[in-house]
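Before any comments, here is the structure.
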Amino acid sequence: MEAVPRFYDAVLLEHFLTSRAMALVSGPRHVGKTVTCRRHADARCDWDDLADRELVLAGPARLAAGLGADRLSKTFPVVLFDELHRFPRWKPLLRRLDDARGDRLRFIVAGSGRMDADRGRDRLTGRHLAYRMHPFSVAETVRRDLPDPQRVTRPPAAGDAADFEALWRHGGYPEPFLRRDSRFSRRWRARRVEQLVREDIRDLTQIRQRDQMSLLGQRLARTSARQLVYGARAAEIGVAIDTLRRWVAALCDLHLGFLIRPWWRGVRRSLRREPRWFLRDWGDIPDEGDRAETFVACHLLKAVEGWSDLGLGRFELGYLRDKERRKVDFVVARDGRPWFLADVRRRREPVGAALAYHQAQLGAPFAFQVVVDANYADADCFAAPGPPRVVPARTFLSQLL
């Protein structure tokens with residue numbers, strides 16, 4: 001299948017025009033990291049390739065020579081290190097390579113695990129910028145340039161109705177989204193989950209109870225968009241609560257799903273409860289309400305992480321719930337202050353009272369009831385602050401990333 005340009009092409013182009021730091025690109029399996037990064041690299045070193053692995057183990061001098069650092073070049077060659085984080089000493093290796101050849105080479109480091117370069121004793125502080133890669137979104141189907149730093153959100157764009165329908169039915173991962181074949185999507189999704197639970201858990205974690213972990217993955221796949229009650233889930237799986245917390249954290253690190261925690265600052269009688277669990281791939285969620293919330297949650301996560309990675313501000317994603325059971329699906333905060341609230345519906349319904357209540361309590365400029373099954377409206381959701389409005393998902397999501 002022919003590769004298509006991604007929003008992250010513009011991200012990497014800007015990175016190498018403005019910085020000599022390493023670009024650390026992380027994201028789920030099969031999200032398109034290697035395909036995208038290779039378009040910006042002059043050489044590639046793949047940890048899963050035996051010859052490349054021997055070159056890595058030979059040390060920085062041999063590695064630099066093998067990558068062409070000692071050859072005369074008009075521009076700085078860019079080297080892609082693929083899945084290097086599977087090598088336990090990858091950070092010291094890159095630090096030594098950067099010290100020895102950083103004036104001659106530029107680096108992209110791509111991996112499917114969570115590459116926290118500043119965690120633990122071996123750090124890359126000051127040597128890297130991190131970018132978190134996500135599947136296709138509504139906004140990425142209509143434009144792939146960088147957002148305006150002064151505006152952050154984009155002008156609305158209609159896009160292709162067929163693209164929106166393909167995203168809803170097949171998810172945003174490149175292969176099923178571009179292929180648009182239901183049989184292929186089901187087989188692809190089952191293979192991806194099996195690889196993640198069996199191979200990545202084996203290779204990247206210390207977890208040995210892989211059958212129980214597989215069972216946890218199956219249970220979580222059926223409960224996207226719902227609260228994760230650790231005690232009840234631990235009892236089902238037959239493990240301690242602390243063990244279950246570590247396992248869920250591992251599944252988040254490996255991008256099976258993610259957690260959204262309750263936002264409580266400024267919420268009167270806030271009910272601090274368990275987080276909500278969302279799958280990264282909404283395409284196979286049978287309940288349409290859960291799928292709609294997961295669909296929007298994945299778009300919001302891509303936006304808040306992308307805006308943060310690009311240095312446009314500090315963005316956070318949470319949800320709201322108080323002791324009177326007034327609930328709002330999502331709140332997005334900008335530099336510590338609630339910016340907009342979003343409640344999600346599959347089809348149009350009257351605006352819930354909780355949305356207006358929490359908007360007034362938090363002082364958020366915007367509040368939206370986002371309707372997935374609604375026609376595109378050629379109007380800017382963020383044109384002016386105001387009370388809650390009903391907005392089509394096609395319009396609202398086109399203004400994100």
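Along the sequence shown, residues carry numbers from 1. When reading the values below, keep in mind they use all heavy atoms of this one structure, side chains included, and skip hydrogens, waters and symmetry mates.
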Within 45° cone of Trp277 ring axis and under 6.0 Å: Arg226 NZ or CZ
no
Mind checking side chain to side chain contact (heavy atoms under 4.5 Å, CB included) for Arg180 and listing every partner two or more places apart, or none if nothing turns up?
Ala162, Asp163, Ala166, His170, Phe177
So, do Phe164 and Tyr376 have ring centers that fall under 6.0 Å from each other?
no
Does the pair Asp181/Arg186 count as a salt bridge with the N-to-O cut at 4.0 Å?
no
Answer yes when Arg222 and Asp290 have at least one side-chain N-carboxylate O distance shorter than 4.0 Å, and no when they do not.
no
Please name all residues satisfying ring-ring contact (aromatic ring centres under 6.0 Å, His included) with Trp282, sequence neighbours left out, ordered by chain then number.
Phe295, His299
By ring-ring contact (aromatic ring centres under 6.0 Å, His included) - contacts of Phe87 (at least two apart)
Trp47
Check Glu83 with Arg86, please: is the shortest side-chain N to carboxylate O separation under 4.0 Å?
yes
Note: Glu175-Arg179 ion pair, threshold 4.0 Å (strictly below)
no
Correct closest heavy-atom pair for Pro28 and Arg192 would be CB-NH2, 3.9 Å
His40 meets the ring-ring contact (aromatic ring centres under 6.0 Å, His included) criterion, sequence neighbours left out, with none
Which heavy atom in Leu320 sits nearest to a heavy atom in Trp263, and how many Å separate them?
CD2-O, 3.6 Å
Return the set of residues passing side chain to side chain contact (heavy atoms under 4.5 Å, CB included) with Asp52 (not counting sequence neighbours), or none when no residue passes.
Cys45, Asp46, Asp49
Look at the rings of Phe340 and Phe396 and say which category their plane angle falls in: under 30° parallel, 30 to 60° tilted, over 60° perpendicular.
perpendicular
Sequence neighbours excluded, which residues qualify as side chain to side chain donor-acceptor pair (under 3.5 Å) partners of Arg144?
none
Sorted by chain and residue number, the side chain to side chain donor-acceptor pair (under 3.5 Å) partners of Arg187 (sequence neighbours excluded) come out as none
Could you go through residues 300-309 and list every donor-acceptor pair under 3.5 Å that involves a side-chain atom there, pairing it with any protein atom two or more places apart or in another chain?
from   : atom 1 : to     : atom 2 : distance (Å)
Lys302 : NZ     : Pro135 : O      : 2.9
Lys302 : NZ     : Ser137 : OG     : 3.1
Lys302 : NZ     : Glu140 : OE1    : 2.5
Glu305 : OE1    : His134 : NE2    : 2.8
Ser308 : OG     : Val304 : O      : 2.8
Ser308 : OG     : Phe315 : N      : 3.3
Asp309 : OD1    : Arg132 : NE     : 3.3
Asp309 : OD1    : Arg132 : NH2    : 2.8
Asp309 : OD2    : Arg132 : N      : 2.9
Asp309 : OD2    : Arg132 : NE     : 3.2

Is the positively charged end of Arg389 above the ring of Phe368, judged by distance under 6.0 angstrom from the centroid and angle within 45° of the axis?
no
Does this structure show an ion pair linking Arg337 with Asp335, if we count only N-O contacts that are shorter than 4.0 Å?
no
Could you tell me if Arg261 sits above the aromatic ring of Tyr319, with its cationic atom closer than 6.0 Å to the ring centre and no more than 45 degrees from the axis?
no
Mind checking what makes side chain to side chain donor-acceptor pair (under 3.5 Å) contact with Arg151, not counting sequence neighbours?
Asp380
Partner set under side chain to side chain contact (heavy atoms under 4.5 Å, CB included) for Pro392, not counting sequence neighbours
Ala374, Ala377, Thr395
Do the ring planes of His85 and Trp90 sit parallel (below 30°), tilted (30 to 60°) or perpendicular (above 60°)?
perpendicular
Residues at least two apart in sequence or cross-chain that pass side chain to side chain contact (heavy atoms under 4.5 Å, CB included) with Arg325, listed by chain then number, are Arg321
Residues two or more places apart in sequence or in another chain: which of them pass ring-ring contact (aromatic ring centres under 6.0 Å, His included) with Phe330?
Phe278
